[in-house]
Each structure stands twice: as structure tokens, then as C-alpha cells.
Amino acid sequence: MASLYELFVLYPPVALISATVLGLVVGSFLNVVIYRLPKMMEADWKDQCCELLEQEAPERKRFNLVTPDSTCPHCGHAIRAWENIPVISYVFLRGKCSACGGHIALRYPLIELTSGLLSLFVVYHFGFGVEGLLALVLTWSLLALAVIDFDTQLLPDSITLPLLWLGLIVNHLGGFVPLEDALWGAVAGYLSLWSIYWLFKLITGKEGMGYGDFKLLAALGAWLGWQMLPLVVLLSSFVGAFIGIGLILTLGRDRNIPIPFGPYLAIAGWLAFIWGDTLINQYLQFAAG
């Protein structure tokens with residue numbers, strides 16, 4: 001009897017469908033992470049402040065990525081299993097709570113669908129092996145970081161730092177780039193934005209970015225190697241300009257409202273991870289010609 005891995009190898013459509021379904025399910029979980037993790041961080045900061053001020057921290061109900069169960073934000077209706085099927089439940093419920101009829105934000109199925117489609121493409125590109133599974137982990141992490149930073153201007157250490165260490169470990173075991181390139185990629189990624197941060201602050205007296213951006217670029221350097229960092233920074237500038245102008249034109253976003261850099265780094269890092277060598281080779285051919 002063929003193993004699951006052999007089944008995926010012998011029948012690529014099965015692997016692609018499985019990757020899409022897995023991506024949809026993970027996307028549903030990412031919705032929980034995106035919503036709850038910043039709130040967990042805020043509660044932890046408040047507890048630390050109380051400890052520093054030698055005050056008793058207020059009692060709170062248990063709140064983490066597992067507890068409590070998901071509920072409707074309008075009426076508190078507990079989301080049942082059949083109401084939590086990625087994308088399908090949203091379509092079946094017509095975007096409304098089954099109890100109170102309150103509107104369910106479109107972003108939830110969009111994140112699930114994005115995760116599913118990206119997972120489909122990643123497995124198509126890398127195959128359903130160890131390399132493909134690792135690429136999925138990176139993709140899901142970058143998706144979560146991009147949306148969290150866009151919402152809250154936070155890049156949680158609980159995602160960026162494990163992603164950095166995982167990149168180094170993966171490449172130590174012969175993953176995507178030599179370990180030496182990954183190590184110096186992490187160092188150069190952090191120090192490059194750290195230097196820009198302090199230079200900007202010395203000149204203007206303002207903070208142009210957060211420390212989370214340093215850690216995210218360090219993580220990307222650990223996965224992609226130092227050679228890809230210039231491409232990541234360049235692509236992030238193009239992505240940022242494109243999205244920023246789009247937000248101003250379509251949503252009337254105030255030009256004075258700070259726009260987080262993390263989503264652009266995440267998108268650029270993923271593009272460089274998938275097509276980095278191709279983009280660099282095409283640029284060199286264009287420059288030489």
C-alpha cells in the first residue's frame with residue numbers, strides 16, 4: 001500500500017488539493033492568531049507594568065490562542081464547528097451571524113482564501129516534500145506578520161524570532177542557502193535597518209520604523225541569505241509605494257497616518273524567496289545588454 005508521501009508524488013493533483021485545503025484550515029487559525037496575539041501582548045505588557053509599579057495585576061479571564069472559543073463579536077454567539085469551515089461557512093451564512101444576523105467581516109474568508117491559494121502555489125513550486133513544507137511555514141508566518149503589522153503596527157517577537165532561528169536551523173541542515181550566507185543574512189538584515197533607524201532618528205528626531213522591522217528582515221536574511229537582502233529592500237519599496245498610493249486613492253487614507261513597513265517587507269521577502277534568483281538574473285542580463 002502506497003504511503004501518503006508516495007500518493008502525493010504519484011498523483012500531483014492530490015498534493016495540490018491537499019495543500020489548498022491545509023492552507024484554508026491554517027488560514028482559519030491565522031485569523032485567530034492575527035486577532036488574539038496583539039491582545040495577549042497588550043495584556044502581558046499591562047501585567048509587566050503592574051509588576052514594575054508593585055501593583056496587583058487585575059484578574060482576567062483566560063485568553064490565549066485556544067481559550068476561549070470563538071464567538072460572534074456582536075452577540076457573543078459561540079461559533080459552532082459547521083459555522084467555522086474556511087470560506088464555505090462564510091458563503092453559506094451569507095456573511096452574517098446565524099444568531100443575530102450581524103455582519104461578519106470579509107477579511108476572515110479573504111485571509112483563509114489567501115492562505116489556501118499561497119499554499120497551493122508553494123507546493124506547486126517546491127513540491128510536497130520537506131522543502132515545500134518548510135516553505136509553507138515561512139509563507140504562513142509572513143502572512144500573519146503582514147496582517148498583524150498592518151492592523152496594529154506590531155511585529156510579535158513570538159513569530160519573528162522563532163522564524164529567524166528556524167531559518168538558520170533549516171539552512172544548517174542543507175535547506176535553501178549555505179549556513180554562512182544565512183548567518184550573515186540575519187546579521188546584515190538586522191544591522192542594515194537598525195543603522196537606518198538611528199540615522200533617521202539623529203537627523204529628524206523621530207522614529208522611522210520599529211525594532212520589529214529589524215527582526216523581520218533578519219529572519220528573511222536567515223532564510224534567503226545575505227545576497228537577497230538588497231532585492232528584498234528594493235522590492236519592499238516598490239510594494240510599499242504601490243500599496244500606499246492605492247490606499248490613498250481608493251480609501252482616502254490620510255497621508256500623515258504612519259503606514260507600517262512590515263507588510264511590505266513580508267511581501268517582498270516572499271517574492272524574493274520564490275523568484276529571487278530569476279529576478280536578479282533578468283536584471284543582470286538587462287544591465288549587461
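Its side chain within the 4.5 Å cluster rule, Leu168 clusters with Leu164, Trp165 among the Ile, Leu, Val, Met, Phe, Trp and Tyr residues. Counting Ile, Leu, Val, Met, Phe, Trp and Tyr side chains that sit under 4.5 Å apart, directly or through other members, Val66 stands alone, with no cluster partners.
Below 30°, between 30° and 60°, or above 60°: for Tyr211 and Phe214 the angle between ring planes is between 30° and 60°, a tilted geometry.
Rounded to the nearest 0.5 angstrom, Ser236 OG and Ile267 CD1 are separated by 10.0 Å. Here Asn64 contributes atom CG and Thr67 contributes atom OG1; the two are 4.5 Å apart, rounded to the nearest 0.5 Å. Note that CG of Leu134 is 9.0 Å distant from CG of Leu173, once rounded to the nearest 0.5 Å. Going from atom CG of Leu161 over to atom CG of Leu166 covers 12.5 Å, rounded to the nearest 0.5 Å.
Applying the side-chain hydrogen bond (donor to acceptor under 3.5 Å, both in side chains) criterion to Arg60, with sequence neighbours excluded, gives Asp47. Residues passing the salt bridge (charged side-chain N to carboxylate O under 4.0 Å, His left out) test with Lys39: none are found, sequence neighbours excluded. Evaluation of the salt bridge (charged side-chain N to carboxylate O under 4.0 Å, His left out) rule for Lys96 yields no partner, not counting sequence neighbours.
Between Asp44 and Gln48, the side chains place a donor N or O and an acceptor N or O closer than 3.5 Å (distance only, hydrogens not considered).
Side chains of Asn84 and Ser89 form no contact here, defined as non-hydrogen atoms less than 4.5 Å apart.
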Contacts under 3.5 angstrom, residues 138-151 side chains, donor-acceptor by atom type, not counting sequence neighbours:
unit_1, atom_1, unit_2, atom_2, d
Thr139, OG1, Ala135, O, 2.8
Thr139, OG1, Trp270, NE1, 2.9
Trp140, NE1, Ser119, OG, 2.9
Ser141, OG, Val137, O, 2.8
Asp149, OD1, Leu154, N, 3.1
Asp149, OD2, Gly262, N, 2.9
Asp151, OD1, Arg107, NH1, 3.3
Asp151, OD2, Arg107, NH1, 3.0
Asp151, OD2, Arg107, NH2, 2.8

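You'll find the ring centres of Phe176 and Phe273 inside the 6.0 Å limit.
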